[in-house]
Number of protein chains: 2
Amino acid sequence: MSNIKNNQESDAAIEQSFLLKQVGYNCLQAYLKIEPDIKKRLIRYQLKPVEFTVLSLISANPQINQKRLGHTINVSPPNLATLLDKMELRQLLVRKRNPNDKRSQILELTEKGQFLFGKARQQFEKNESIPNLSNDEQKQLLRLLQKIFL
Amino acid sequence: MSNIKNNQESDAAIEQSFLLKQVGYNCLQAYLKIEPDIKKRLIRYQLKPVEFTVLSLISANPQINQKRLGHTINVSPPNLATLLDKMELRQLLVRKRNPNDKRSQILELTEKGQFLFGKARQQFEKNESIPNLSNDEQKQLLRLLQKIFL
DNA sequence: TATTGTTATACTCTATAACTATA
DNA sequence: TATAGTTATAGAGTATAACAATA
């Protein structure tokens, strides 16, 4: 094989300088790089990332209702309903009618849900093992990202 | 209504301090915040974000093959095949057998594809109008994100 | 035997409309 | 009339297996 490299070979660097200037592209690529590790840490608890997020938010926000939860995690009401159905079937949480407004449902973790979240959470208590990022850089990164979405 | 706020009301802040420490969660939330604006800028060209990315990468990497393209954008070979089918039907690109290795397909933009990419690209030439981020902060953010996925 | 890409298909995720009940 | 949530369903996106052509 020739030493002259071209785009048909896998060791030539991809030219993507234009895309690398786009914040959205960078956020997505970074997430896609991290995602497999997150899934791997949760699979032993039979939790998907969004389910872990739901457990975390209910745990930290007792009596949160479905509207606020769905809004926070970008899940529409119909899709949240079916997601919560599955979690309620697994007895990780319960839905209770709000006595002050019987239209809304108050969400609470069961003991089983609290226990599972506690265990799963341990997987993320230490750092996420993001290679190439110092602690300072990680803190700086979180600050900048939160400026975008908070 | 009482002035005392609780989690059932929409103006109380969500407690998500644990999730906000997770790099993956932050990357995804930031992307989800930006995504609608990206889609809005591309819809007039009937392009999805991934299609714009494909145009950009082929444009910047003439004669790239499908394996390298798919690997760069996290699209599996079967799904890339059907995605490229649609774009080839729209005459935005062509697939040519590589004469040096007839297994692989070389990708090239058509004139129509080049023109469309040029027009669509103008939508992103200026800044992406990420509110709350100065130019310096944006550059810093890109540097940190690229440390993760490059 | 290994690699590139395709086809077919199943699975998951997301979006939309119509509905119930409560306010 | 408006809101919170549900049901049903369609559509888009993703994953898996089997395959053909080429190396």
Side-chain angles (χ1 to χ4, degrees), chain A residues 1-2 6-11 28 31-32 35-36 39-40 42-43 46-54 58 63-89 93-108, chain B residues 1-2 6-11 28 31-32 35-36 38-40 42-43 46-54 58 63-89 93-107:
Chain A
M1 183 188 282
S2 160
N6 61 38
N7 275 321
Q8 293 147 36
E9 296 170 34
S10 59
D11 52 353
L28 182 57
Y31 175 73
L32 291 175
E35 190 187 32
K39 287 184 172 172
K40 193 175 133 204
L42 292 173
I43 193 67
Q46 291 181 283
L47 287 173
K48 294 170 193 169
V50 68
E51 292 169 332
F52 177 74
T53 301
V54 165
I58 299 177
Q63 306 208 330
I64 189 174
N65 65 24
Q66 294 185 202
K67 187 187 182 195
R68 297 194 69 210
L69 176 62
H71 181 259
T72 303
I73 61 177
N74 286 286
V75 176
S76 65
N79 296 331
L80 186 61
T82 55
L83 171 60
L84 294 178
D85 283 347
K86 290 175 203 152
M87 296 181 75
E88 201 171 12
L89 265 175
L93 55 84
V94 290
R95 285 184 260 211
K96 297 180 178 172
R97 285 285 158 198
N98 179 353
N100 300 322
D101 182 345
K102 290 179 185 163
R103 292 172 303 184
S104 72
Q105 303 259 55
I106 288 174
L107 300 170
E108 288 177 10
Chain B
M1 183 186 281
S2 161
N6 61 39
N7 276 319
Q8 294 147 38
E9 295 170 35
S10 59
D11 51 354
L28 181 57
Y31 175 71
L32 291 175
E35 189 187 33
I38 297 174
K39 286 185 172 172
K40 194 176 133 203
L42 291 173
I43 193 68
Q46 292 181 282
L47 287 174
K48 295 168 193 170
V50 68
E51 291 169 333
F52 177 76
T53 301
V54 165
I58 300 177
Q63 306 208 331
I64 190 174
N65 66 23
Q66 295 186 199
K67 186 187 183 196
R68 299 194 68 212
L69 176 62
H71 181 258
T72 304
I73 61 176
N74 286 285
V75 177
S76 65
N79 296 331
L80 186 61
T82 55
L83 171 60
L84 293 177
D85 283 346
K86 289 176 204 153
M87 296 181 75
E88 201 170 15
L89 264 175
L93 54 84
V94 289
R95 284 184 262 212
K96 296 179 177 171
R97 284 285 158 199
N98 180 353
N100 300 321
D101 182 344
K102 289 179 185 164
R103 291 172 303 183
S104 72
Q105 303 259 53
I106 288 174
L107 301 170

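Residue numbers begin at 1 in each chain, while the letters A, B, ... track the order of the sequences.
Between A/L83 and A/V50, the closest side-chain pair of non-hydrogen atoms falls below 4.5 Å. Between B/N65 and B/D101 there is no side-chain heavy-atom pair separated by less than 4.5 Å.
As rounded to whole Å, 8 Å separates atom C1' of C/dT4 from atom CG of B/N65. Atom CZ of A/R97 and atom C1' of C/dA21 are 7 Å apart (whole Å). Whole-Å rounding puts the B/L32 CG to C/dA15 C1' distance at 15 Å. The separation between B/I43 atom CD1 and C/dA15 atom P is 13 Å, rounded to whole Å. With rounding to whole Å, B/Q66 atom CD is found 17 Å from C/dT3 atom P.
Close to C/dT12, at under 4.0 Å from its OP1 or OP2, lies no side-chain N or O of A/K48.
Residues from residues 69-87 of chain A lying near DNA chain C, meaning a heavy-atom separation below 4.0 Å, are A/P78, A/N79 in numerical order.
Nucleotides of DNA chain D with any atom under 4.0 Å from a heavy atom of chain B span, from 5' to 3', D/dG13 to D/dA23.
Every residue two or more places apart in sequence or in another chain was checked for a side chain to side chain donor-acceptor pair (under 3.5 Å) with B/T82, and none qualifies. Residues satisfying the side chain to side chain contact (heavy atoms under 4.5 Å, CB included) criterion with B/E35, sequence neighbours excluded, are B/Y31, B/L32, B/K39. Contacts of B/K102 classified as side chain to side chain donor-acceptor pair (under 3.5 Å), with partners at least two apart in sequence or in another chain: none. The side chain to side chain contact (heavy atoms under 4.5 Å, CB included) test applied to B/L107 returns B/I58, B/I64, B/Q66, B/L69, B/L84, B/R95, not counting sequence neighbours. For B/K48, there are no salt bridge (charged side-chain N to carboxylate O under 4.0 Å, His left out) partners at least two apart in sequence or on another chain. A search for side chain to side chain contact (heavy atoms under 4.5 Å, CB included) contacts involving B/K86 returns nothing, not counting sequence neighbours. Residues satisfying the side chain to side chain donor-acceptor pair (under 3.5 Å) test with B/N74, not counting sequence neighbours, are none. Residues meeting the salt bridge (charged side-chain N to carboxylate O under 4.0 Å, His left out) test with B/R97, sequence neighbours left out: none.
Taken to the nearest 0.5 Å, the CD atom of B/Q63 stands 4.5 Å off from the CD1 atom of B/I106.
Between the two ends of the helix from C/dT1-D/dA23 to C/dA23-D/dT1, each summarised by a five-pair axis, the helix axis turns through 0° (rounded to 10 degrees).
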